[in-house]
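Chain letters run A, B, ... following the sequence lines, proteins first, then strands; residues in each count from 1. This one's a predicted model, so the numbers in the text were calculated from it and none came from an experiment.
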Number of protein chains: 4
Amino acid sequence: MTRLVIEDNEWRLILVEGPPLRADAQRNRARILDAAEAVFAEFGTRASTEEVARRAGVAIGTVFRHFPTKEDLLVALMKRLLAQLVEEAGRHDLFGFFRHTVAQAAAKKTAVDLLAGSGLDIRLPDAVGHLEEAVGRLLEQAQAAGAVADSVRLPEVMALLAGMCQGALHGGWDEHLQTRTLAVVFAGFEHG
Amino acid sequence: MTRLVIEDNEWRLILVEGPPLRADAQRNRARILDAAEAVFAEFGTRASTEEVARRAGVAIGTVFRHFPTKEDLLVALMKRLLAQLVEEAGRHDLFGFFRHTVAQAAAKKTAVDLLAGSGLDIRLPDAVGHLEEAVGRLLEQAQAAGAVADSVRLPEVMALLAGMCQGALHGGWDEHLQTRTLAVVFAGFEHG
Amino acid sequence: MTRLVIEDNEWRLILVEGPPLRADAQRNRARILDAAEAVFAEFGTRASTEEVARRAGVAIGTVFRHFPTKEDLLVALMKRLLAQLVEEAGRHDLFGFFRHTVAQAAAKKTAVDLLAGSGLDIRLPDAVGHLEEAVGRLLEQAQAAGAVADSVRLPEVMALLAGMCQGALHGGWDEHLQTRTLAVVFAGFEHG
Amino acid sequence: MTRLVIEDNEWRLILVEGPPLRADAQRNRARILDAAEAVFAEFGTRASTEEVARRAGVAIGTVFRHFPTKEDLLVALMKRLLAQLVEEAGRHDLFGFFRHTVAQAAAKKTAVDLLAGSGLDIRLPDAVGHLEEAVGRLLEQAQAAGAVADSVRLPEVMALLAGMCQGALHGGWDEHLQTRTLAVVFAGFEHG
DNA sequence: TATGAATGAGTCTTCATTCAT
DNA sequence: GATGAATGAAGACTCATTCAT
């Protein structure tokens, strides 16, 4: 660890460089997030932090050391899930991304719940912004290819994505219903 | 519902905005449901039953006499909200009903949340069935008028309705976004 | 219970007269305060609310129903202790009150701790004010009787009372030391 | 002690007002005690050991290496504070020492709190003994000079000192009230 | 020897539900 | 039937202390 100290009789200035987390802590942080994703997906965000700790195989104090409040944990989880979505947007066209994301919705229950608000006041302008940019690129490509009407704009695409995910999640759509519902939306995209 | 309470150890003064009591035997039940709708819409279903009792102007015991568990209260509330939807379906065509319902989504937060699951295991086959029937009639009329493609079936219409309501509610769509998003869905209805 | 209801189509005004607490609740409130006095006197204000409940023979929820936060409990306790002091001031002359109060200090550990601050931000202007008035009357009588120099004012009398109580409490003064210490203070009162 | 910390996941910048480190082996011990004095004075002895470590600029483990329990830390702190008092007793006459010590009471909150007991079972016969000796010498000098009645004995002088300090600390006496209160005590000393 | 992550018992507080009044 | 006090399990969070790195 590098450490720089400048001092005189009245002040001490200490600049400490260092990895913020030891390897074991990194590992635990990831395990906690994994556990949180699973637990909140299964029981909703009302599941207890204790349950998350149990599933992660750590003591409750460890969860709170990494995420001082439950909200902090939810925010961190959300950021990770959004980052994953952005990454996946890079691997699909607009329709594929819709299909894939809606299909995943139930599995990613937490994300949808969190996007939905769920009582907590979570704002993630940056992470959400990145997702919007990624989807914006897909939309441009689809419009350039003539697959989506020019009158369709990004805000309603995002809105439909969110609405479909929530519908899929909470409505328990099966694959067939998902396909038919998306078919309506895609027809809407095509004809404006 | 606005409500003002001033109290000390000897007096309580309660000023409640809202219609006066109905004189019949159901009055407490109705008041509790009204209060529950307002409270759960404002704070979500995590709001306490005590708060519902307070807003209804009855004691907590009275709430539990009418609805033995909190879940019973939520189910009753849900049934009433669905019945209102059915009634409204009778006053619109398919597109108008979509517009109206989505616009109301935020106001009917509770309904959407409950439809969404909210951790509670609520099955309401009957009430939901009635709503499906009502929407089914609207769909038939729209298809008869040539406004909706014949390939569109009731399940995806219901799915889109639910998805749009949740999107509107949790996404905080403004009127403009609502209109544009519904325009895409309506184009999808028209072109299948 | 008297109940006055005025209502029209838009407002309901309900004025409820009534004893705020049922007899059993009154009893529990007193038992909780008694228990709190004993527990906090024994272990300091850091003792747990759970311990207070245990000693009072009620469940933890009952304590919190009566005193929504621990601070509320401490404030209520303080008020009661100050009221007792005021009452006792009516039964002594200035010197007797000092002797009595300082002698009681250890028994009333809580009061002293609370007056002392104890981390909690408790302001009790009214209750403290009443005590000051009571001591003020004792001071006037003592000065009228020529037992205290006219130059002595109420603030320093209160200050000395508080200081002596804390000393007695935390220093564990025995009766002899108490007598001798107060003798010095009383000599100071007499000669200004 | 003023302290500024800026940190993100990779860097921590700590600006500490105060004398720089001593270069000898005791430096951590002394820094911890300095930090503890500041922290406990500011937040009371309920402040966390972690906060002390933070302010000292060391890790929590280092604090516990030097002081195996929190109580050990408090005892060490107490000893140092008492030693400082003894030293100051050598620089004043009895009245000056009283004035000075009472005036410092608020600044030395920790000492007063600890002397006061604070839930911890701390006995410091030696350190307290030295202070008593020092004050005893001041008392003899004052009596030799005729400024204090011969009937006044050391125990009550110590008792009054402690009581005044606690009163000053917890009562928040301003300078004027301090002067007037001490005037009464000094008159008591003079006339026994 | 210093570090700081992990532990887990303990604290305050909430709230669905019960039951004496 | 209505009332509202009592219950107690459960949850979020804290912190003294331990120990692997």
Exercise. Within a strict 4.5 Å, meaning less than it, do heavy atoms of the Glu42(C) and Glu51(C) side chains meet?
Worked result: no
For this session: Tell me which of Thr69(C) and Arg65(A) sits closer to the 5' end of DNA chain E, going by the nucleotide each one is nearest to.
Result: Arg65(A)
Problem set entry | 5′-ward residue of the pair Thr62(B)/Val58(C) relative to DNA chain F | Thr62(B)
For this session: Looking only at side-chain atoms of Lys70(B), point me to the closest of dA16(E), dA16(F), dT11(E).
Result: dA16(E)
Problem set entry | Positive for salt bridge (charged side-chain N to carboxylate O under 4.0 Å, His left out) with Glu37(A), one of Arg80(A), Arg55(A), Arg31(A), Lys79(A) | Arg80(A)
Problem set entry | side-chain N/O Thr49(C) vs dC12(E) OP1/OP2, d < 4.0 Å | yes
For this session: Name all stems that contain residues of DNA chain E, defined as runs of 3 or more consecutive Watson-Crick or G-U wobble pairs, both distances under 3.5 Å.
Result: E:2-21 with F:2-21
Exercise. To the nearest Å, how far apart are Arg27(C) CZ and dG4(F) P?
Worked result: 18 Å
For this session: Side chain of Ile60(C) only, please: which of dA9(F), dT18(F), dC12(E) is the nearest?
Result: dA9(F)
Exercise. Atom CD1 of Ile32(C) to atom C1' of dT7(F): distance rounded to whole Å?
Worked result: 12 Å
Seminar exercise, completed: Phe67(C) CZ to dT11(E) P, in whole Å, measures 20 Å
Exercise. Within this structure, what is the CZ-to-C1' distance between Arg46(A) and dC15(E), rounded to whole angstrom?
Worked result: 11 Å
Exercise. Can you check the Arg29(A) CZ to dA6(E) P distance for me, whole Å?
Worked result: 12 Å
Problem set entry | Sequence-distant partners of Ala76(A), side-chain contact (heavy atoms from CB on, under 4.5 Å), two or more places apart | Arg29(A), Leu33(A), Phe67(A)
Exercise. If you find the nucleotide of DNA chain E closest to Phe64(C) and the one closest to Asn28(A), which residue's nucleotide is nearer the 5' end?
Worked result: Asn28(A)
Exercise. What is the distance from CG of Asp72(D) to C1' of dT17(F), rounded to the nearest Å?
Worked result: 12 Å
Problem set entry | Qualifying residues under side-chain contact (heavy atoms from CB on, under 4.5 Å), relative to Arg65(A), sequence neighbours excluded | none
Problem set entry | Interatomic distance where CD belongs to Gln26(A) and P belongs to dA6(E) [whole Å] | 11 Å
For this session: Starting from P on dA12(F), measure out to CD on Glu50(A) and report it in whole angstrom.
Result: 9 Å
Exercise. When you check the phosphate oxygens OP1 and OP2 of dG1(F), does a side-chain N or O of His66(B) lie under 4.0 Å from one of them?
Worked result: no
